[in-house]
Number of protein chains: 2
Amino acid sequence: MDAYEFIKEQIILGKFEPGMRLGEETLAKELNLSRTPIREAIKQLEAEGLVIPLKRGVGVRSFTKEDIRQIYDLRTLLESYAASQAAIHRTEDDLLELENANEQYEQAINHAVSLDMTGIRKIVNVNQKFHEAVVAASNNNHLYFHLSKVVVIPIVFRSFYWYNDFQLQQSLEVHKIIFEAIKNKEPERARIAMHEHIFQGRDNVLKHLDDIEISHLLKEEVK
Amino acid sequence: MDAYEFIKEQIILGKFEPGMRLGEETLAKELNLSRTPIREAIKQLEAEGLVIPLKRGVGVRSFTKEDIRQIYDLRTLLESYAASQAAIHRTEDDLLELENANEQYEQAINHAVSLDMTGIRKIVNVNQKFHEAVVAASNNNHLYFHLSKVVVIPIVFRSFYWYNDFQLQQSLEVHKIIFEAIKNKEPERARIAMHEHIFQGRDNVLKHLDDIEISHLLKEEVK
DNA sequence: CTCACGTTCATTGTATACAATATCAAAATC
DNA sequence: GATTTTGATATTGTATACAATGAACGTGAG
């Protein structure tokens, strides 16, 4: 398995926790590789900002609430722009991709009522598929390139744990609205709908981070 | 010297031309290093999109006119947002940085009337310093991080060759307007001024790329 | 008990050797 | 003459060995 993909996945899934040191020798043994390819993988992850210098080597970057806010604001800016551009430049093929992604999203939501690990992963994947399809339809490859590095943070993955059934249904509805706006070539409507959509995700995540903080404080008090 | 910095600089300055293959052994000899650190540098540059796979290894990425358009559009979006945020969040220290950058810009423009290589480099540096100061004042580190990877392309450096004295003076005036808007906490004015400013840069670059294209076509005809 | 210093040791940084393979070119086939 | 095959060669991919260095810990002085 590719070292870069592996380490990245472990970080996103939270298996490698924030602040955890990534020793080259340890990773090399775990992946049955020498240190050379490990070092190259780490250099890439460092360029993406997923790991940062720690002690002499690197460790998994931890994101503060302020980081999350900034990242979501950036994502809002980029994706709402992508949506408006998509409404201008979209082809028929783009529309098929978007519709397909939403159908899969609908299935994933209704199928995975239990919201277990595999169900969540499925939802995360097809949700991502829709958002990627919007960016792909925007006709700006560089936007796609940069956005792919903005979105991939552990917290985005985990955020779907915190969605209830109603919120998932609602998010599907917004996806459909965005799709319609792109289909009907209404850039402003697409932009605003996407803007609102991501802001809702942002608020949800930030609210739950507050809850976690509070529950941690309560635990401290018990001690 | 650090391999990453060296290769990056060569690409930005145009010493390593687009499409040129970057052989590990060659670079290693040139920098008196082994292949190991060279490979790591290349992996980083690849993650940033400055080099792309070519044959078995990598080569300097070449940017089409469409790429340039997309990159400038992205930069416009991000920097005009940065300007509006800067007008909200700027501190007194930020204002000092901005003012200082503009003073240096003014000096560089008036000093380097000849527009030789060192004069251009000076102008590029202080111009960048102003734009970075705006982003720094926006209070969004992630914006700063991503923007630093959007802007650094060879063409941006070269674009200053194509500015005449009047255009340089004009660009200084716009910098001052942006500064005033940020100082007076007028987000919308800052946003629009920055938007227009970068769009002018964009049009300038694209126009000159057309000229180059035409002159190349003429050369072909002569042959 | 606290802090400064120095030694030890784990870990990264770099070089080199070897293995794997894509590229290029020449020869063979159609 | 065009196309495919095949082999030589240059170049990357990986492993390993050694050098450099900084973090951790113990020791001793204040």
Side-chain angles (χ1 to χ4, degrees), chain A residues 1-64 145 148-149 152-154 223, chain B residues 1-64 145 148-149 152 154:
Chain A
M1 187 177 187
D2 182 39
Y4 168 79
E5 297 287 347
F6 174 78
I7 300 170
K8 189 167 177 174
E9 183 159 296
Q10 298 304 305
I11 293 174
I12 289 169
L13 295 179
K15 301 281 176 64
F16 290 172
E17 289 183 17
M20 174 181 164
R21 190 137 184 296
L22 299 177
E24 297 174 4
E25 200 73 53
T26 316
L27 288 167
K29 247 185 278 179
E30 191 162 356
L31 286 160
N32 277 95
L33 282 168
S34 72
R35 277 175 51 216
T36 313
I38 302 290
R39 285 178 64 82
E40 286 163 9
I42 286 175
K43 277 284 182 311
Q44 289 179 74
L45 293 164
E46 211 177 344
E48 288 179 28
L50 232 62
V51 304
I52 51 170
L54 178 64
K55 306 263 175 86
R56 188 125 81 102
V58 298
V60 178
R61 171 161 188 183
S62 67
F63 292 92
T64 65
F145 179 80
S148 72
K149 274 152 185 73
V152 182
I153 51 167
K223 283 177 190 170
Chain B
M1 187 177 185
D2 182 42
Y4 167 79
E5 296 287 346
F6 175 79
I7 300 170
K8 189 167 179 174
E9 182 159 296
Q10 298 304 304
I11 292 174
I12 290 169
L13 296 179
K15 301 280 175 66
F16 290 172
E17 289 182 18
M20 173 181 163
R21 188 134 185 298
L22 298 177
E24 295 173 4
E25 200 75 53
T26 315
L27 288 167
K29 247 185 278 178
E30 192 163 356
L31 286 159
N32 278 96
L33 283 168
S34 72
R35 277 176 51 216
T36 313
I38 301 290
R39 285 178 64 83
E40 286 163 9
I42 285 175
K43 278 283 179 319
Q44 289 179 74
L45 293 164
E46 211 175 345
E48 289 180 27
L50 233 62
V51 304
I52 51 170
L54 178 62
K55 307 262 175 89
R56 187 125 83 104
V58 299
V60 178
R61 169 160 190 184
S62 67
F63 293 91
T64 64
F145 180 80
S148 72
K149 274 152 185 72
V152 182

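The chains referred to below are lettered A, B, ... by the order of the sequence lines, with proteins before strands, and numbering in each begins at 1.
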Distance in angstrom units between Asp2(A) CG and dG13(D) C1', rounded: 12 Å

Side chain to side chain, Glu17(B) and Ser62(B), heavy atoms closer than 4.5 Å: no

Nearest-Å distance for atom pair CD/C1', residues Glu40(A) and dG13(D): 8 Å

Polar contact flag, side-chain donor to acceptor under 3.5 angstrom, Tyr4(A)-Glu9(A): no

Interatomic distance where CZ belongs to Arg35(B) and C1' belongs to dT14(D) [whole Å]: 9 Å

Side-chain N or O of Arg21(A) closer than 4.0 Å to phosphate OP1/OP2 of dT12(C): yes

Base dT21(C) to side chain Arg56(B), donor-acceptor N/O within 3.5 Å cut-off: yes

dG13(C) OP1/OP2 closer than 4.0 Å to side-chain N/O of Arg39(A): yes

Integer-rounded Å distance: dG13(C) C1' and Ile42(A) CD1: 13 Å

Presence of Lys55(A) side-chain N/O under 4.0 Å of dT12(C) phosphate oxygens OP1/OP2: no

Side chain proximity check, Leu27(A) to Phe16(A), heavy atoms < 4.5 angstrom: yes

Residue-phosphate contact under 4.0 Å: Thr36(B) side-chain N/O, dT14(C) OP1/OP2: no

Euclidean distance, atom CG of residue Leu54(A) to atom C1' of dT12(C) [Å, nearest integer]: 13 Å

Pairwise 5' ranking along DNA chain D for Leu22(B) and Ser34(A), keeping only the more 5' one: Leu22(B)

For atom CD of Glu46(B) and atom P of dT12(D), their distance in whole Å: 12 Å

Between C1' of dT21(C) and CD of Glu24(B), the distance in whole Å: 14 Å

Value in whole Å for how far the P atom of dT12(C) lies from NZ of Lys29(A): 12 Å

Flag side-chain contact, heavy atom, 4.5 Å: Val51(A) against Ile11(A): yes

Cation-pi, Phe6(A) ring and Lys8(A) (6.0 angstrom, 45 degrees): no

